[in-house]
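Here's the structure, in structure tokens; my notes come after.
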Amino acid sequence: MTRKLRMGMVGGGNDAFIGAVHRIAAFMDGKIELVCGSFSVNREVSLESGRDLFVAEDRIYPDYKTMIEQEALLPDGERMDFLTIVTPNFLHFEPARLALESGFDVVVEKPMTVSLEEAKKLQEIIDRTGRTLCLTHTYSGYPMVKQAKAMVKDGHFGKIRKIVVEYPQGWLSRLSEREGNSGAAWRADPARSGKSLVMGDIGTHAAHLAEYVSGLRITELCADLTTFVEGRQMDDDGSVLLRFDNGAKGVLMASQISAGEENAVRIRIYGEEGGLEWANEDPNNLIIKMLDQPRQIYRTGNAYAAPFTLSSFATHNTRIPAGHPEGLLESFANIYRNFASTVSAKREGLQPKPEELDFPNVADGVRGMAFIDTVVESNVSSEKWTKFVV
């Protein structure tokens with residue numbers, strides 16, 4: 001990179017959670033700076049947030065449309081290079097569409113849109129403009145998740161037969177959307193969230209993780225969605241049987257009423273010769289289970305000797321020496337760093353390295369929306385299996 005990339009932000013004001021996470025991650029490597037934003041629909045909150053972040057007053061815009069239009073008029077050496085979108089789901093598509101068509105790259109929270117139709121429109125714009133879109137499926141940024149993916153790809157476990165992925169949370173075990181919790185309020189509102197609460201909010205993370213690590217694609221599924229909390233408009237628990245394109249079978253569980261759970265993401269993959277296990281709440285460990293062998297534990301940051309050497313994708317995304325925990329912020333930062341390196345390389349006419357291109361993109365966003373649609377369709381279908389079609 002020859003200079004820092006200039007970031008604009010939609011949403012993420014002082015009254016929001018995820019915006020601060022994005023900023024910490026974006027700034028961690030010193031490759032990105034925040035130059036403008038429209039941080040809230042509340043103008044005073046937006047102004048206060050921008051001032052707290054030392055954004056110039058004339059670049060704290062009243063809305064995303066004004067920001068994109070005004071930034072596009074600035075000289076190349078001043079205007080933002082990309083836009084980060086950290087708004088509720090229903091406000092993802094239009095800012096992303098306008099930014100891409102105005103010549104800016106995009107980072108957007110998942111799910112990418114609220115409908116498959118919108119997602120496919122963004123795919124068309126990317127194909128036409130050559131711009132870059134990054135979707136923040138955070139769990140794919142962990143070093144040991146990347147190590148797991150590399151070991152599966154290298155055939156370490158033989159042909160994959162079984163994938164079990166789960167994401168239980170407990171924070172919506174009560175009717176929090178009626179108790180002043182603004183994050184719960186928009187997520188549990190179908191007009192702002194989309195077709196499914198639990199699958200849109202966390203089920204897409206689990207589905208992406210299953211496909212990312214295994215390298216396989218879901219082809220059919222059988223889903224059961226439930227609304228457990230009385231008075232809630234949307235589903236808060238789901239179980240899905242999966243079929244993959246190599247014949248493997250899978251189980252996906254996503255729940256926001258698993259009382260007492262925090263963010264207990266876990267994936268297990270089993271092949272003919274052995275399997276692996278990774279858990280978000282113990283992210284430095286990758287457990288390997290081979291037939292007729294003791295269990296092995298790969299740890300982030302270790303310089304193991306052959307044949308146990310960590311993959312280049314794992315080491316590229318490792319930041320500190322072994323024994324120091326690397327968590328959500330570092331994983332988020334890996335995604336931002338790889339995105340920034342890719343965008344900079346393309347601007348300079350260079351080919352990004354494979355490790356730099358390793359971040360969720362618009363194709364993952366389209367598959368995420370197709371997953372939500374297919375789960376919702378399957379839940380009400382009289383057929384046992386529903387085809388997964390993108």
On a heavy-atom basis, which atom in [X] and which in [Y] lie closest, and how many Å separate them?
| X | Y | result |
| --- | --- | --- |
| Lys159 | Asn246 | CE-O, 3.3 Å |
| Ala370 | Val390 | CB-CG2, 3.9 Å |
| Ala340 | Ile32 | CB-CD1, 4.1 Å |
| Leu133 | Met112 | CD2-SD, 3.8 Å |
| Cys36 | Met80 | SG-SD, 3.8 Å |
| Ser38 | Asp63 | OG-CA, 3.3 Å |

Worksheet item: Sequence neighbours excluded, which residues qualify as side chain to side chain donor-acceptor pair (under 3.5 Å) partners of His205?
Response: His137

Item to complete: Applying side chain to side chain donor-acceptor pair (under 3.5 Å), name anything that partners Arg243, two or more places apart in sequence or on another chain.
Response: Glu220

Below 4.0 angstrom, N of the basic side chain to O of the carboxylate: do [X] and [Y] qualify?
| X | Y | answer |
| --- | --- | --- |
| Glu124 | Lys120 | no |
| Arg266 | Glu281 | no |
| Glu179 | Arg174 | no |
| Lys146 | Glu355 | no |
| Arg97 | Glu94 | yes |

Worksheet entry | Worked check of ring pair (Phe, Tyr, Trp, His ring centres under 6.0 Å) between Tyr167 and Tyr139 | CA-CA 11 Å; Tyr167 196 156; Tyr139 305 102; 5.7 Å; yes

Worksheet item: Which word best sums up how the rings of Tyr336 and Phe82 line up, parallel for under 30°, tilted for 30 to 60°, or perpendicular for over 60°?
Response: tilted

Worksheet entry | Whether Phe332 and His22 hold their rings parallel, tilted or perpendicular, with breakpoints at 30° and 60° | perpendicular

[X], [atom1] atom: more than 12 neighbouring heavy atoms under 6.0 Å:
| X | atom1 | answer |
| --- | --- | --- |
| Lys121 | NZ | no |
| Arg3 | CZ | yes |
| Arg295 | CZ | no |
| Glu262 | CD | no |

I'd like to know if [Y] and [X] are part of one continuous hydrophobic network [Ile/Leu/Val/Met/Phe/Trp/Tyr, side-chain heavy atoms within less than 4.5 Å].
| X | Y | result |
| --- | --- | --- |
| Val165 | Val152 | yes |
| Val213 | Val164 | no |
| Phe27 | Phe54 | no |
| Leu5 | Leu357 | no |
| Phe313 | Tyr142 | no |

Who are the side chain to side chain contact (heavy atoms under 4.5 Å, CB included) partners of [X], not counting sequence neighbours?
| X | answer |
| --- | --- |
| Thr300 | Pro143, Met144, Asn284, Thr318, Glu326 |
| Val114 | Asn89, Phe90, Glu118 |
| Glu33 | Lys4, Arg6, Val35 |

Practice prompt. Could you walk me through whether Val198 and Asp201 pass the side-chain contact (heavy atoms from CB on, under 4.5 Å) test, one step at a time?
Written response: CA-CA 5 Å; Val198 71; Asp201 197 29; over 6 Å; no

Discussion item. Checking Arg187 against Glu177 for the salt bridge (Lys or Arg N to Asp or Glu O under 4.0 Å) test, could you report, in this order, the C-alpha distance in whole Å, the side-chain angles of both residues, the deciding distance, and whether it holds?
Written reply: CA-CA 8 Å; Arg187 284 176 173 83; Glu177 58 267 40; over 6 Å; no

Report the distance from atom [atom1] of [X] to atom [atom2] of [Y], rounding to the nearest 0.5 Å.
| X | Y | atom1 | atom2 | value |
| --- | --- | --- | --- | --- |
| Thr386 | Glu377 | OG1 | CD | 5.0 Å |
| Leu241 | Asp224 | CG | CG | 9.5 Å |
| Leu216 | Glu211 | CG | CD | 8.5 Å |

Atom pairs and distances, donor-acceptor, side-chain atoms in residues 347-354, under 3.5 Å, two or more places apart:
unit_1: Arg347; atom_1: NH1; unit_2: Asp81; atom_2: OD1; d: 3.3
unit_1: Glu348; atom_1: OE2; unit_2: Thr2; atom_2: N; d: 3.3
unit_1: Glu348; atom_1: OE2; unit_2: Thr2; atom_2: OG1; d: 3.2

Discussion item. Pair His316, Asp358 - check side-chain hydrogen bond (donor to acceptor under 3.5 Å, both in side chains), show working.
Written reply: CA-CA 10 Å; His316 173 74; Asp358 183 29; over 6 Å; no

Worksheet item: Given the rule in the side-chain hydrogen bond (donor to acceptor under 3.5 Å, both in side chains) test, do Gln169 and Gln256 qualify, once you have shown the distances and angles that lead to the verdict?
Response: CA-CA 4 Å; Gln169 293 178 332; Gln256 292 174 301; 3.2 Å; yes

Worksheet, complete the sentence: Students should find that the hydrophobic cluster of Val41, defined by side-chain heavy atoms under 4.5 Å apart, otherwise consists of none

Worksheet item: Other than Met234, which residues form its hydrophobic cluster under the rule that side-chain heavy atoms must be closer than 4.5 Å?
Response: Trp171, Leu172, Leu197

Between [X] (side chain only) and [Y] (backbone N and O only), is there a donor and an acceptor less than 3.5 Å apart?
| X | Y | result |
| --- | --- | --- |
| Thr136 | Thr138 | no |
| Asn280 | Asn263 | yes |
| Asn379 | Leu225 | yes |
| Ser344 | Ser341 | no |
| Ser378 | Ala223 | yes |

Worksheet item: For Ser255 and Asp237, what are the C-alpha separation, side-chain angles and deciding distance, and is it a side-chain hydrogen bond (donor to acceptor under 3.5 Å, both in side chains)?
Response: CA-CA 4 Å; Ser255 174; Asp237 181 84; 2.9 Å; yes

Qualifying residues under salt bridge (charged side-chain N to carboxylate O under 4.0 Å, His left out), relative to [X], sequence neighbours excluded:
| X | answer |
| --- | --- |
| Lys249 | none |
| Lys289 | Glu277 |
| Glu383 | none |
| Asp364 | none |

Discussion item. Could you tell me if the side chain of Thr219 sits less than 4.5 Å from the side chain of Lys387, heavy atoms only?
Written reply: no

Response to the item:
With Asp105 as partner, the option from Val343, Leu83, Thr84 fulfilling side chain to side chain contact (heavy atoms under 4.5 Å, CB included) is Val343

Worksheet item: So, do Tyr298 and Tyr304 have ring centers that fall under 6.0 Å from each other?
Response: yes

